[in-house]
Q: 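Please find one structure pasted underneath; my questions will follow.
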Amino acid sequence: MTFVASIPPVLTPHGTVRLATRAEIEDCPAWKNAFPRSRKDHRYFQIVEDTIDQGFQYRYLVLEDPRGEVKAIQPIFLVDQDLVAAAGKRVRAIVETVRRAVPRFLKLRTMMVGCAAGEGHLGHIAAEHAVWTGKCLHAALHRFARQTRSSLIVLKEFPGEYRAALHQFAINGYARVPSLPMVQLNIAYASFDEYMTKVLSKATRKDLRRKFKATAGADPIEMTVVHDITPFVDEVHPLYLQVYERSSLHFEKLTREFLCRLGREMPDKTRFFIWRQNGRAIAFSLVMLQGDTLYDEYVGMDYSVALDLHLYHYTLRDLIQWGIEHGFRTYCSTALNYDSKLHLRCELSPLDLYVRHTSPIANVVLKRVLPWLEPTRNDKTLRRFPNYEMLWGER
């Protein structure tokens, strides 16, 4: 296996870490066996690299033990990051004033560890290598950041389950702050109606039934489920863009090619749900599957009818009912719409950011500033979830 010639390997007390391009790791057996417990395996990362540009430079860290055996391959990408993208309006307004004189104020070249489209995962082959992988990365990332002229290192949105493996980051040099969390919901019920009866408050049940009744009074809506979205991508991609443009927070922007390749190359992990009224697509969801968990990843809606038809709750009901009928026990959803998810009795599923500046002096300042910039600070609804404290966890 060859590696990026201009970047020398980093020797750590735990093993050797090398920087590689995709072409240099594609034939490595360890790459095809990475992420065994994640729905987003090596195929997903390849699709993301090929179809989502946005100025990202994709690379991979190859982690070898002292015997030279590859134990993990960790995707990273380089990007110019705006540190106040998720901050409140007041903070952004102050920063924009400063940027009139200093255009790149709080915009830094960043080495992101994880995935450009979704949460991050460690790329170890076996579960017992998770802690070793974390220690190896902690020992090597600062050197690679310097060599790639990155000012900032960010482990992007790693689920809370990785806190033990990434403990070195939290106690040594990095600040851990919460990102906007995912949510999860127990759907181990006989039907959506049973879930409503046993879980939801009387007021929420009444509100949902009123919405469903109003939608039932409109022209019929039909749902179809497909593995490959290619024949319908020109219908559903504009619906995704409507949701994307309405969001106040932007990072990755999905392309038509991304959606098409995901269904064709990962049919075991992917389903597309399309809702039509009078033959016209009015909503869609990209869903991924892992074990007995259904992940609601990306949605699209026609906002000319979405509010009148209560499409958010209508499509969510259909997804959960489909999941129940197909043996899934947990529904997971990505960030935002927290008010609705609170009333549906979802629980927060923490995602962590680990952040470090390569300059020791700047890093001291950054640790003090980050609590004012982290994205959960301005969402008051999150504080109402019973497990909100999990977002910060033990410091």
Side-chain angles (χ1 to χ4, degrees), residues 7 9-20 25 28 30-31 33-42 44-45 58-78 110-116 118-148 150 152-179 181-182 349-358 363 366-367 370 374 390-395:
I7 305 293
V10 174
L11 304 180
T12 80
H14 317 287
T16 302
V17 184
R18 307 176 188 273
L19 188 68
I25 56 99
C28 178
W31 175 233
N33 292 319
F35 312 104
R37 299 171 58 194
S38 173
R39 67 203 182 279
K40 297 177 178 178
D41 57 24
H42 72 284
Y44 186 85
F45 285 91
Y58 296 94
R59 294 291 184 269
Y60 301 83
L61 297 177
V62 180
L63 284 63
E64 301 173 347
D65 67 14
R67 297 175 298 177
E69 183 178 349
V70 178
K71 297 291 188 182
I73 296 181
Q74 185 63 50
I76 66 172
F77 59 101
L78 306 177
T110 302
M111 172 183 284
M112 291 274 189
V113 181
C115 185
E119 80 281 6
H121 292 277
L122 290 179
H124 53 281
I125 301 168
E128 60 267 26
H129 299 146
V131 173
W132 176 88
T133 300
K135 290 179 177 179
C136 242
L137 288 173
H138 181 268
L141 285 177
H142 189 268
R143 288 273 299 278
F144 282 121
R146 291 278 191 167
Q147 292 169 355
T148 58
S150 300
L152 202 66
I153 307 168
V154 177
L155 277 68
K156 176 181 174 284
E157 297 181 337
F158 276 73
E161 66 195 61
Y162 287 105
R163 287 177 180 172
L166 299 175
H167 182 63
Q168 282 295 318
F169 289 86
I171 65 172
N172 190 355
Y174 289 73
R176 175 167 67 81
V177 295
S179 184
M182 299 176 70
S349 185
L351 296 175
D352 297 327
L353 301 167
Y354 297 81
V355 185
R356 174 179 179 170
H357 200 287
T358 55
N363 198 43
L366 182 65
K367 284 186 174 183
L370 273 177
E374 59 89 4
M390 287 183 62
L391 298 189
W392 288 93
E394 294 183 4
R395 302 296 294 179

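Note that these values count all heavy atoms, side chains included, but never hydrogens, waters or copies made by symmetry. The structure presented is a predicted model; accordingly, all values stated were derived computationally and were not measured.
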Q: Which donor-acceptor pairs under 3.5 Å do the side chains of residues 67-75 make with protein atoms, sequence neighbours left out?
A:
unit_1 : atom_1 : unit_2 : atom_2 : d
R67    : NH2    : D65    : OD2    : 3.4
Q74    : OE1    : G123   : N      : 2.9
Q74    : NE2    : H121   : O      : 3.1

Q: Over 60° means perpendicular and under 30° means parallel, so classify the ring planes of F169 and Y174, tilted if in between.
A: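 Ring orientation, 0 to 90° scale: perpendicular.
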Q: Could you check whether any side-chain N or O of W132 sits under 3.5 Å from a backbone N or O of H14, counting only pairs where one atom can act as donor and the other as acceptor?
A: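 Judged by distance alone, yes, a pair lies under 3.5 Å.
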Q: Side-chain contact, heavy-atom cut-off 4.5 Å: L78 with Y58?
A: no
Q: With respect to L155, which candidate in L353, L141, D352 satisfies the side-chain contact (heavy atoms from CB on, under 4.5 Å) definition?
A: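 That would be L141; it is the only one of L353, L141, D352 passing the side-chain contact (heavy atoms from CB on, under 4.5 Å) with L155.
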Q: Got a donor-acceptor contact below 3.5 angstrom from the R146 side chain to the T358 backbone?
A: yes
Q: May I ask you to decide if Y60's main-chain N or O and R18's side chain share a donor-acceptor pair within less than 3.5 Å?
A: no
Q: Might you work through the side-chain contact (heavy atoms from CB on, under 4.5 Å) test for L152 and V355, ending with a clear yes or no?
A: CA-CA 7 Å; L152 202 66; V355 185; 4.0 Å; yes
Q: Which atoms form the tightest heavy-atom contact between R163 and M390, and what is the distance?
A: NH2-O, 2.9 Å
Q: Please give me the minimum heavy-atom distance between L166 and Y354, naming the atom from each residue.
A: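 Taking L166 first and Y354 second, the nearest heavy atoms are CD1-CE1, 3.6 Å.
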Q: Strictly distance-based, threshold 3.5 Å: is any side-chain N or O of S38 a donor or acceptor partner for the main-chain N or O of D41?
A: no
Q: Taking the six-membered ring for Trp, are F45 and F35 closer than 6.0 Å centroid to centroid?
A: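 Yes, ring centres under 6.0 Å apart.
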Q: Examine distances only and state if a side-chain atom of K156 and a backbone atom of G118 form a donor-acceptor pair shorter than 3.5 Å.
A: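 Checking the backbone N and O of G118 against the side chain of K156, a donor-acceptor pair under 3.5 Å is found.
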Q: Can you give me the closest heavy-atom contact between L122 and A130, atom names plus distance?
A: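 Between these two residues, the closest heavy atoms are CD1-O, 3.8 Å.
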Q: Would you call L351 and P178 a side-chain contact if the rule is heavy atoms closer than 4.5 Å?
A: no
Q: With sequence neighbours excluded, what pairs up with S179 under the side-chain hydrogen bond (donor to acceptor under 3.5 Å, both in side chains) test?
A: E157
Q: Could you grab the distance from atom CG of L63 to atom NE2 of H124, nearest 0.5 Å is fine?
A: 11.5 Å
